[in-house]
Visitor: 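Input: one structure, supplied below.
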Amino acid sequence: MITVGAFHAGTKHNIISEYADLQVTVRSNNQAVRDQLIASIERVAKGIGAAHGLPADKLPIVTVTESTPVTVNDGALARHLNGAIADALGKDVVTPFRQTTMGGEDFAFFVDQKHGIPGYYFAVGGSNPEWIAAAKNGGKPVAGHHSPLFKIDPEPSVRLGIEATTAAVLDLLGPRKN
Amino acid sequence: MMERSILGALLASVLVVTPAAAQPDYADAIKADYDKSLASLWDHFYRNPELSFREFKTAARMAQELRAVPGMVVTEKVGGTGVVGMLKNGDGPVVLVRADMDGLPVQERSGLSNASTVKQVGVDGLEMPVMHACGHDVHITSLVGTARQLARMKDRWKGTVLFIVQPAEERVGGAKAMIADGLYTRFPKPDYALAFHVAAELETGKISASEGIQYSSADSVDIRVPGIAPMAQHPIWAAIRSILPRRSLSVFNRSSAVKRVHWTPA
C-alpha cells in the first residue's frame with residue numbers, strides 16, 4: 001500500500017518553486033514486496049522526470065527516512081500465551097486475530113531476527129460495544145487511530161491490559177517454567 | 001471443512017463442561033488500583049500528551065511511578081527519554097514488557113471533558129497541537145498497574161521483568177534508540193518480549209493476537225522534485241518542463257484541467 005500523505009510546493013501564484021516535496025508512506029507484509037515497492041517508487045519518479053526531459057541533475061530525489069519492519073509474533077509463543085490468557089481470563093476474552101489495517105509498529109526492533117527474542121504483541125479492545133453497535137446501525141462511526149475524534153473507553157482498556165499482561169508474565173515466569 | 005466441524009464439535013463439548021468465564025484472583029486488586037489511583041493517572045496522561053522524543057514530563061512521571069513500586073530499579077534517559085524499570089525476583093527467565101508513551105501532532109476534537117489543549121514544539125522545531133490520538137496513554141497507565149501487580153505477587157513467579165517505557169513509537173525511532181543506547185547490553189537480555197496496543201476497532205473486554213504477522217512494515221519515503229527556474233526567452237516552457245513531472249507523479253495522466261493549470265504560473 002502506498003499513500004501520499006503530503007505534497008508541499010511553492011509560495012505564490014507566479015513563482016516556480018525550487019522544490020516540490022511529497023511525503024509517502026509505504027506498507028507491506030513482507031520484505032520482498034517492501035523492497036519492490038520502494039524500488040518502484042524511485043524508478044517511476046525518476047522515469048517520469050526523464051521522460052519529460054529533465055536533466056540528470058534535476059531528476060526527483062527519493063529518500064527513505066523512517067522505517068520499521070513487519071511485526072511478527074513468534075508462532076509457538078503466541079499460541080501458548082493466547083491459551084494461557086484464555087485460561088486465566090476466560091475463553092471468550094481471546095478472539096481470533098484478523099489483520100484489518102496496515103498499521104505499523106516499531107516493536108519489531110525489540111524482537112527482530114538479529115536479537116532472536118520471541119515476541120508476543122496483542123491488541124486490547126478499546127471501544128465500548130455500544131459505540132460499535134451504534135456505528136453498525138448507521139450512527140456515528142468509530143473514530144480510527146490518529147483521528148482528532150479518536151477515543152478509548154479507559155477503564156476496561158487499562159484493566160484488561162493489566163490483566164492480560166499479568167497473566168502472560170505469570171505464565172512465563174510461574175512455577176511450570178522453573 | 002470436515003476437520004473444522006469435528007474441531008468445532010470437540011470445542012463445543014469442552015465448553016459444556018468448562019466454566020464460561022474465568023476471573024483471575026488478581027482482577028479485584030486491579031479494579032481497586034484503578035479506582036484508587038490508575039483512573040486519575042490515566043486522566044493525567046490523557047490531558048498532557050507529548051510529542052515523540054519530547055516526552056520529558058511523561059517519562060519523569062513514569063520513572064516516579066515505577067520507582068514507587070517495591071524492588072524496582074529505575075534507569076532514566078535510555079535512548080533519549082526512555083525509562084527502564086527492572087524488577088528482579090530470583091533466578092529465572094527475563095521478560096520484557098514494553099509500553100510506548102508518545103502522543104501525536106493532532107488537534108483534538110473528541111469533545112471529551114479531559115480533551116488535550118496542549119501545544120508543543122516537536123523535534124522538527126515546529127509547534128503543534130498534541131493529542132493522545134493512538135492510545136499510548138492506556139499503555140503506560142497499564143504498565144504501572146502491571147508492575148504493581150507483579151511486585152505484589154512475587155511469590156508466584158521467579159526471574160526478571162523489564163518494564164520498558166519507550167519514546168517515539170510514532171516516528172518509529174524510539175525502539176531503535178533504546179537498543180542503540182544499550183538496552184540489551186546494560187540490562188539483562190530478554191528471553192521474551194511482550195507488548196499490547198489498545199485498538200479502537202476491537203470491543204472492550206477482548207484481546208486478539210496473531211500467530212504470525214501482527215502489523216505491517218512502514219517506510220516513510222520522501223520524494224523531492226527539483227524545479228527549474230524559468231529562462232528569460234522561454235519562461236513558460238521551462239516552467240512547464242519542471243512542473244509536468246510533479247503533476248504526473250501525482251495523477252499519472254494529464255487531464256485537460258491539469259493542462260490548463262500548467263499554463264497559469266507564467
Side-chain angles (χ1 to χ4, degrees), chain A residues 16-18 20 22 24 26-28 34 45 48-49 52 58 60-61 63 65-71 73 75 78 88 90 95 97 102-107 109-111 117 119-127 129 145-146 148 150-154 156-158 161-162 164-166 173 178, chain B residues 21-22 24 30 34 42 92 95 106-110 133-135 138 141-142 145-146 149 156-159 169 172 175-176 190 192-200 202-204 206-211 213-227 239 241 244-246 248:
Chain A
I16 304 301
S17 62
E18 272 197 278
L22 285 77
V24 182
V26 179
R27 308 294 172 111
S28 76
R34 180 186 183 191
I48 289 174
H52 285 93
K58 293 284 185 187
I61 304 152
T63 322
T65 56
E66 295 165 345
S67 293
T68 186
V70 180
T71 294
N73 279 348
T95 60
F97 178 79
M102 296 199 80
E105 237 302 336
D106 75 350
F107 183 71
F109 286 109
F110 290 121
V111 296
I117 298 168
Y120 177 68
Y121 196 112
F122 57 103
V124 170
S127 283
H145 290 253
H146 297 204
F150 178 77
K151 69 171 175 177
I152 286 297
D153 196 355
S157 309
V158 168
I162 301 169
T165 310
T166 301
L173 300 183
N178 288 308
Chain B
I30 292 170
Y34 188 86
W42 169 77
V95 178
V106 172
Q107 177 72 62
E108 179 159 4
R109 291 193 287 112
S110 68
C134 201
V138 169
T141 307
S142 289
T146 301
Q149 291 306 313
R156 290 163 70 164
W157 60 277
K158 280 203 182 306
E169 187 278 330
V172 295
K176 254 199 305 199
Y192 308 97
L194 314 178
F196 79 84
H197 207 300
V198 68
L202 190 63
E203 65 183 74
T204 50
K206 305 286 185 197
I207 76 151
S208 180
S210 169
E211 293 178 7
I213 292 169
Q214 181 83 12
Y215 293 111
S216 301
S217 70
D219 293 276
S220 296
V221 179
D222 289 356
I223 305 176
R224 169 160 274 199
V225 186
R241 290 213 321 170
L244 275 178
R246 304 180 190 185
S248 304

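Values in this document were obtained by computation on a predicted structure and should not be read as measured data. All chains are named by letter (A, B, ...) in the order of the sequence lines, taking the proteins before the strands, and each is independently numbered beginning at 1.
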Visitor: Indicate yes or no for a side-chain donor-acceptor contact from Ser28(A) to the backbone of Ser217(B) under 3.5 Å, with no hydrogens or angles considered.
Guide: no
Visitor: Which one wins on heavy-atom pair count under 4.5 Å against chain B: Pro156(A), Gly104(A), Ala123(A)?
Guide: Ala123(A)
Visitor: Sort Arg27(A) into side chain, backbone, both or neither according to what part of it lies under 4.5 angstrom from a heavy atom of chain B.
Guide: both
Visitor: Which atoms form the tightest heavy-atom contact between Ala164(A) and Phe122(A), and what is the distance?
Guide: CB-CE1, 3.7 Å
Visitor: What residue, out of Gly103(A), Ser157(A), Ala78(A), has the most heavy-atom pairs lying under 4.5 Å from chain B?
Guide: Gly103(A)
Visitor: Counting N and O atoms only, with roles assigned by atom type, does the side chain of Thr95(A) sit under 3.5 Å from a partner on the main chain of Ile207(B), one being a donor and the other an acceptor?
Guide: yes
Visitor: With a 4.5 Å cut-off on heavy-atom pairs, point out which of Thr165(A), Val111(A), Thr166(A) contacts chain B the most.
Guide: Thr166(A)
Visitor: Out of Val24(A), Asp153(A), Ile152(A), which one racks up the most heavy-atom pairs below 4.5 Å with chain B?
Guide: Val24(A)
Visitor: Is the side chain of Asp219(B) donor-acceptor paired with the backbone N or O of Ser67(A) at a distance under 3.5 Å, no angle test?
Guide: no
Visitor: Please check: side-chain N/O of Thr68(A) versus main-chain N/O of Ala218(B), any donor-acceptor pairing under 3.5 Å?
Guide: no
Visitor: For chain A, find which of Ile213(B), Val138(B), Val106(B) contributes the most heavy-atom pairs closer than 4.5 angstrom.
Guide: Ile213(B)
Visitor: Quick one: does Ser127(A)'s side chain have a donor or acceptor within less than 3.5 Å of a partner on Ala200(B)'s backbone?
Guide: yes
Visitor: Checking Gln149(B) against chain A: side chain, backbone, both or neither under 4.5 Å from a heavy atom?
Guide: side chain
Visitor: Please state whether the rings of Phe150(A) and His145(A) are parallel, tilted or perpendicular, taking 30° and 60° as the class boundaries.
Guide: tilted
Visitor: Pro69(A) versus chain B, heavy atoms under 4.5 Å apart: side chain, backbone, both or neither?
Guide: backbone
Visitor: Please determine, among Ser210(B), Gly145(B), Ser110(B), the option with the most heavy-atom pairs under 4.5 Å with chain A.
Guide: Ser210(B)
